[in-house]
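When a ligand or atom number is given, it counts from 1 through the structure's own listing order.
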Amino acid sequence: MSSARFVLLSLCSTLLLRAALGAIPLFHICSNPENFTANSPYEYNLNNLTSFLYIKTPSSGFGLGSIGQHQDQVYGLALCRGDLSSSECNACVADAGAEIQRRCPRNKGAIIWYDECMFKYLNADFFGQIDKANKFSLWNPDNASDPALFNRKVRKMMTWLAKAASSTPRLFAVGEKGVNKTKLYGMVQCTRDLSAAKCKACLKGAIGGLLSCCDGKVGGRVAGGSCNIRYEIYPFVNV
Ligand SMILES: *[C@@H]1O[C@H](CO)[C@@H](O)[C@H](O)[C@H]1NC(C)=O
Ligand SMILES: *[C@@H]1O[C@H](CO)[C@@H](O)[C@H](O)[C@H]1NC(C)=O
Ligand SMILES: *[C@@H]1O[C@H](CO)[C@@H](O)[C@H](O)[C@H]1NC(C)=O
Ligand SMILES: *[C@@H]1O[C@H](CO)[C@@H](O)[C@H](O)[C@H]1NC(C)=O
């Protein structure tokens with residue numbers, strides 16, 4: 001009896017801890033420095049849109065919506081990594097929708113990235129356009145033993161994945177490839193408001209960006225508001 005209670009208590013505190021901490025964001029940008037006022041229609045619409053995306057996104061891994069009119073209209077989207085279950089997607093979008101308002105309080109536009117999802121909103125219609133303004137990159141500081149050869153392998157794999165992703169409706173592709181004893185794992189994904197051609201163009205830009213962040217590095221990613229790419233020498237997606 002007492003041990004059952006102990007298990008229950010520690011389970012509860014684990015869940016509380018998880019709820020309190022949430023997932024850790026990789027990066028955020030308060031993309032529009034203009035502020036909305038408290039209790040304004042914009043704030044109401046943003047909260048409404050956040051709930052809408054929270055409900056809408058998990059079933060397919062992508063949600064897109066706009067609420068309000070004229071200067072109070074808010075546009076937003078959420079994208080989960082293509083391999084996630086709907087419950088994992090749900091948890092990430094919930095964290096993202098709350099955290100973006102803590103990090104960019106009252107900003108009329110913002111974007112936040114996690115390992116497992118991305119959440120973006122703005123007071124202007126950005127649907128269907130490649131977001132060239134919001135981006136960041138991350139890398140593993142370790143160098144490949146033959147950087148030039150490794151770069152070529154990465155580039156070849158990512159180019160192949162970009163082609164594969166842009167020819168599926170999900171605009172998502174993962175792959176792996178043997179490089180001697182080490183294996184290379186890659187992933188590319190676009191937001192699904194983009195056409196296939198725009199997705200491919202966005203991914204091409206991201207692959208080009210690998211040269212400045214991740215030259216010869218054993219892991220790297222370039223993430224933007226419309227697409228993101230990642231490669232590692234260990235598996236990082238569930239396939
Ligand atoms: C928005 O509000 C913040 C915090 O009050 C302030 O620092 C910033 O200057 C404001 N931005 C604009 C564009 O007014
Ligand atoms: C959110 O906006 C939609 C569409 O305008 C509306 O139908 C709905 O009642 C709103 N929900 C809340 C919670 O305000
Ligand atoms: C990787 O190579 C760069 C450039 O040669 C060097 O500055 C850096 O220290 C290396 N990183 C590691 C983790 O060895
Ligand atoms: C793979 O192994 C060969 C022969 O040992 C070596 O020349 C080559 O540089 C290795 N490739 C990579 C990417 O490390």
Side-chain angles (χ1 to χ4, degrees), residues 22 24-50 53 66-77 95-113 115 118-126 129 131-158 176-187 206-225 228-236:
I24 298 160
L26 297 171
F27 201 72
H28 73 278
I29 296 173
C30 305
S31 58
N32 186 341
E34 283 174 51
N35 298 313
F36 57 80
T37 48
N39 306 312
S40 63
Y42 194 87
E43 180 175 53
Y44 174 83
N45 291 334
L46 175 58
N47 290 338
N48 186 324
L49 181 64
T50 302
L53 292 175
S66 175
I67 292 173
Q69 287 186 315
H70 310 299
Q71 78 274 18
D72 299 321
Q73 190 164 0
V74 189
Y75 300 80
L77 62 76
D95 285 344
E99 189 64 20
I100 200 168
Q101 291 209 36
R102 276 195 285 272
R103 295 195 174 209
C104 301
R106 299 200 186 149
N107 281 85
K108 284 192 176 175
I111 178 166
I112 191 165
W113 291 269
D115 254 340
M118 189 252 294
F119 186 105
K120 173 180 171 177
Y121 72 87
L122 190 63
N123 62 332
D125 184 356
F126 61 85
Q129 299 155 34
D131 179 349
K132 290 182 173 146
N134 301 306
K135 57 185 167 194
F136 77 101
S137 52
L138 292 173
W139 57 93
N140 183 324
D142 292 341
N143 298 307
S145 55
D146 183 344
L149 181 63
F150 190 79
N151 281 347
R152 280 202 300 278
K153 303 248 181 204
V154 168
R155 202 177 174 86
K156 196 170 165 195
M157 173 186 236
M158 298 320 256
E176 56 184 76
K177 193 175 189 320
V179 182
N180 286 353
K181 267 164 256 160
T182 53
K183 250 186 171 178
L184 186 60
Y185 299 83
M187 178 196 79
I207 293 166
L210 286 176
L211 259 186
S212 46
C213 66
C214 311
D215 191 15
K217 302 298 171 198
V218 295
R221 36 182 145 178
V222 175
N228 66 83
I229 64 172
R230 181 177 180 187
Y231 71 89
E232 304 286 354
I233 52 171
Y234 58 85
F236 58 91

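Residues Lys217 and Asn143 have side chains that bring a donor and an acceptor to within less than 3.5 angstrom of each other. Side-chain atoms of Gln101 and Asn47 form a donor-acceptor pair, as typed in the model, at a separation below 3.5 Å.
Atom 7 (O) of ligand 1 is not flagged as protein-proximal [any protein heavy atom, distance under 4.0 Å]. Closer than 4.0 Å to atom 2 (O) of ligand 1 lies at least one heavy atom of the protein. Atom 10 (C) of ligand 3 lies below 4.0 Å from at least one non-hydrogen atom of the protein. Within a 4.0 Å radius of atom 14 (O) of ligand 1, the protein contributes at least one heavy atom.
Considering every non-hydrogen atom in both Asp131 and Ile111, the closest pair reads OD2-CD1, 4.5 Å. Considering all non-hydrogen atoms of both residues, Lys120 and Gly225 come closest at CD-O, 4.4 Å. The two residues Asn45 and Asp72 have their closest heavy-atom pair at ND2-O, 2.8 Å. Closest approach of Glu176 to Lys183, counting heavy atoms only: OE2-NZ, 2.6 Å.
Those atoms of ligand 3 with a heavy atom of Asn143 less than 4.0 angstrom away are 1 (C), 2 (O), 3 (C), 8 (C), 10 (C), 11 (N), 12 (C), 14 (O). Close approach of ligand 3 to Lys217 is summarised as follows: ligand atoms under 4.0 Å from at least one heavy atom of the residue are 1 (C). Taking every heavy atom of Asn35 and a limit of under 4.0 angstrom, the matching atoms of ligand 1 come to 1 (C), 2 (O), 3 (C), 8 (C), 10 (C), 11 (N), 12 (C), 14 (O). Residue-ligand proximity, Pro141 to ligand 3, at heavy-atom distances under 4.0 Å covers atoms 11 (N), 12 (C), 13 (C). Of all atoms in ligand 1, numbered sequentially from 1 with element shown, those under 4.0 Å from a heavy atom of Pro33 are 11 (N), 12 (C), 13 (C).
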Problem - Full working for side-chain contact (heavy atoms from CB on, under 4.5 Å) between Leu210 and Ile229 - result: CA-CA 9 Å; Leu210 286 176; Ile229 64 172; 3.8 Å; yes
